[in-house]
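One structure below.
Lettering of chains follows the sequences in order, A, B, ..., and the numbering in each one begins at 1.
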Protein chains: 2
Amino acid sequence: MSREQIVAGAADMIRRRGLNATSIREVAKHAGTPLGSTYHYFPGGKNQLATEAVRLSAEIVTRVLDKKLRQGPAEGVRAFFGLWREVVAGTDFQAGCPVVAVAVEEAAHPEALAASAEAFRAWSRQLAESLEQHGVEARRAAQLATLVVGAAEGAVVMCRAQRSIQPLDDVAAELTALLESVISART
Amino acid sequence: MSREQIVAGAADMIRRRGLNATSIREVAKHAGTPLGSTYHYFPGGKNQLATEAVRLSAEIVTRVLDKKLRQGPAEGVRAFFGLWREVVAGTDFQAGCPVVAVAVEEAAHPEALAASAEAFRAWSRQLAESLEQHGVEARRAAQLATLVVGAAEGAVVMCRAQRSIQPLDDVAAELTALLESVISART
DNA sequence: GTCTATACGAAGATAGAC
DNA sequence: GTCTATCTTCGTATAGAC
């Protein structure tokens with residue numbers, strides 16, 4: 001089983017149960033590799049594994065965003081919400097965002113926390129740049145981008161707790177409307 | 001040490017480290033009570049303690065909201081963001097929302113998860129009712145209320161990861177502006 | 001380089017002495 | 001009713017046989 005599959009498995013477990021409930025033992029078992037091998041690939045232990053899991057998850061979202069934002073910020077935001085909707089609904093409300101899970105449980109894994117911060121920053125910046133390219137003033141674009149990322153992440157948490165997709169859909173509806181009005185005003 | 005202080009201590013540890021990293025042992029030590037006593041007061045074990053911690057935290061916010069919303073939805077939203085700002089900034093980005101922590105780590109604590117869902121629902125409903133009373137149509141009011149709660153919670157997570165209060169302030173600025181425009185349009 | 005076996009600590013929970 | 005002592009399980013991590 002390849003190294004990246006171990007990381008992907010770890011990311012999946014983290015987004016479902018959280019970081020602390022994800023043991024390296026279980027990650028190894030899930031990947032079909034012995035415990036010792038896992039430590040051979042990840043000498044940094046749990047910290048390293050969590051960090052790479054966050055980075056991998058962040059990159060997947062970044063790539064989708066990068067592609068969709070070429071069709072404009074509205075399309076990018078739609079895709080961003082679509083991604084989270086798929087994760088939450090596709091796992092029967094079992095999974096959320098691994099970046100959030102790591103950020104909430106911080107503590108003994110500083111590098112993983114830094115990777116979380118970087119993920120949020122990367123997504124926000126992508127959205128903000130796209131908004132700027134469509135005429136939104138820089139400060140406002142940054143604010144709106146943060147709002148989109150924060151609201152989506154918060155809505156994912158609410159959806160899982162309430163076992164309903166409605167929070168995500170509600171938030172997506174409000175934000176797409178808001179962004180459309182902001183962009184059309186500047187066009 | 002009173003029963004409620006044990007719960008308050010647990011809530012504080014949960015919002016800092018997360019649910020799984022909060023052991024009953026440490027909660028007991030922090031409260032100055034022996035481990036056995038804690039199980040005497042909370043025979044349901046960790047599930048019960050987590051559930052009560054979430055409910056207590058939820059009620060504190062509910063009470064503030066209830067009071068501030070009498071001065072209108074804008075004032076309520078301002079207070080809501082103010083609360084979270086105080087928690088995040090006042091702990092040097094160490095603490096977040098215990099309701100989110102429990103929702104993200106789900107797993108073996110179904111009652112605690114249900115309490116989280118109830119907390120989100122209660123806050124949203126309070127905000128939605130206030131918006132309705134100020135002329136916002138019911139469906140829209142519910143959407144906006146969900147947006148406020150979700151965005152605040154997501155921003156809290158981002159603030160902790162990035163060790164910056166900016167996400168919360170950005171989101172608050174956007175949402176207060178949005179709500180003002182919605183309300184003034186209906187007045 | 002891969003994996004087995006194990007060291008060591010801490011978790012949830014309980015039994016039972018006071 | 002209060003607390004000490006302990007049971008059992010599982011966590012991270014490593015030593016060292018193949």
Side-chain angles (χ1 to χ4, degrees), chain A residues 1-54 98 101-102 104-116, chain B residues 1-54 98 101-102 104-116:
Chain A
M1 182 89 45
S2 81
R3 202 194 126 99
E4 184 164 328
Q5 276 174 302
I6 299 178
V7 177
D12 186 56
M13 289 178 60
I14 290 170
R15 71 182 190 168
R16 288 171 187 271
R17 322 180 188 181
L19 177 58
N20 272 298
T22 297
S23 69
I24 298 191
R25 274 186 143 85
E26 273 181 291
V27 170
K29 182 187 288 186
H30 185 269
T33 62
L35 183 61
S37 296
T38 308
Y39 274 96
H40 175 74
Y41 285 123
F42 304 93
K46 194 165 182 175
N47 201 340
Q48 182 181 1
L49 194 51
T51 304
E52 295 197 23
V54 168
V102 169
V104 165
E105 299 181 56
E106 65 111 23
H109 304 279
E111 288 172 40
L113 185 65
S116 291
Chain B
M1 183 83 52
S2 82
R3 202 195 127 100
E4 185 165 329
Q5 277 175 302
I6 299 178
V7 176
D12 186 56
M13 291 178 58
I14 290 170
R15 72 183 188 166
R16 287 171 188 271
R17 323 181 187 179
L19 178 57
N20 272 298
T22 298
S23 69
I24 298 191
R25 278 184 141 82
E26 272 180 291
V27 170
K29 182 186 288 184
H30 185 269
T33 62
L35 183 61
S37 297
T38 309
Y39 275 96
H40 175 73
Y41 285 123
F42 304 93
K46 194 164 183 177
N47 201 339
Q48 182 182 2
L49 195 51
T51 304
E52 294 197 24
V54 169
V102 168
V104 165
E105 299 181 58
E106 65 108 26
H109 305 278
E111 287 172 40
L113 185 65
S116 290

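- A heavy atom lying under 4.0 Å from DNA chain C marks none of the residues of residues 7-21 of chain B.
- Each end of the helix from C/dG1-D/dC18 to C/dC18-D/dG1 gets its own axis, taken as the rotation carrying the C1' atoms of four end pairs onto the next four within a five-pair window, and the two axes meet at 10° to the nearest 10 degrees.
- One interatomic measurement links the two molecules: NZ of A/Lys46 to C1' of D/dG11, which rounds to 8 Å at whole-angstrom precision.
- Between A/Ala112 and A/Asn47, the shortest heavy-atom distance links the atoms N-OD1, 3.6 Å.
- Between A/Ser23 and D/dC10 there is no side-chain N or O to OP1 or OP2 distance below 4.0 Å.
- Nearest heavy atoms, A/Thr22 versus A/Ala10: CG2-O, 4.4 Å.
- Here C/dA13 presents its C1' atom at 13 Å from NE2 of B/His109, a figure rounded to the nearest Å.
- Proximity of a side-chain donor or acceptor of B/Glu105 to a complementary backbone N or O of B/Asn20 within less than 3.5 Å is detected.
- B/Met13 contributes atom CE, which lies 10.5 Å from atom CG of B/Leu19 (distance to the nearest 0.5 angstrom).
- When heavy atoms are screened at a 4.0 angstrom cut-off, A/Thr22 is found touching the sugar-phosphate backbone but no base atom.
- A donor-acceptor pair is defined here as one N or O able to donate and one able to accept, closer than 3.5 Å; such a pair exists between the side chain of B/Thr38 and the backbone of B/Pro34.
- Contact between the side-chain N/O atoms of B/Tyr39 and the OP1/OP2 oxygens of C/dT14 is not found at any separation under 4.0 Å.
- Between B/Phe42 and B/Arg3, the closest heavy-atom pair is CE2-NH2, 3.4 Å.
- Within the 3.5 Å criterion, the main-chain N or O of A/Ala108 finds no donor-acceptor partner in the side chain of A/Lys46.
- The interatomic distance linking A/Glu26 (CD) with D/dT9 (C1') rounds to 13 Å, in whole Å.
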Dump the pairs, protein N or O against N or O of nucleotides 1-8 of chain C, anything under 3.5 Å, distances to one decimal.
from, atom 1, to, atom 2, distance (Å)
C/dC3, OP2, A/Ser37, OG, 3.2

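- The heavy-atom pair separating B/His40 from B/Pro43 by the smallest distance is O-CD, 3.7 Å.
- Between A/Ile24 and A/Gly45, the shortest heavy-atom contact is CD1-C, 3.9 Å.
- A pairwise comparison of heavy atoms in B/Ala53 and B/Ile14 identifies CB-CD1, 4.0 Å as the closest pair.
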**Message:** Is there a side-chain contact (heavy atoms from CB on, under 4.5 Å) between B/Val102 and B/His109? Walk through the geometry before answering.
**Reply:** CA-CA 9 Å; B/Val102 168; B/His109 305 278; 5.9 Å; no
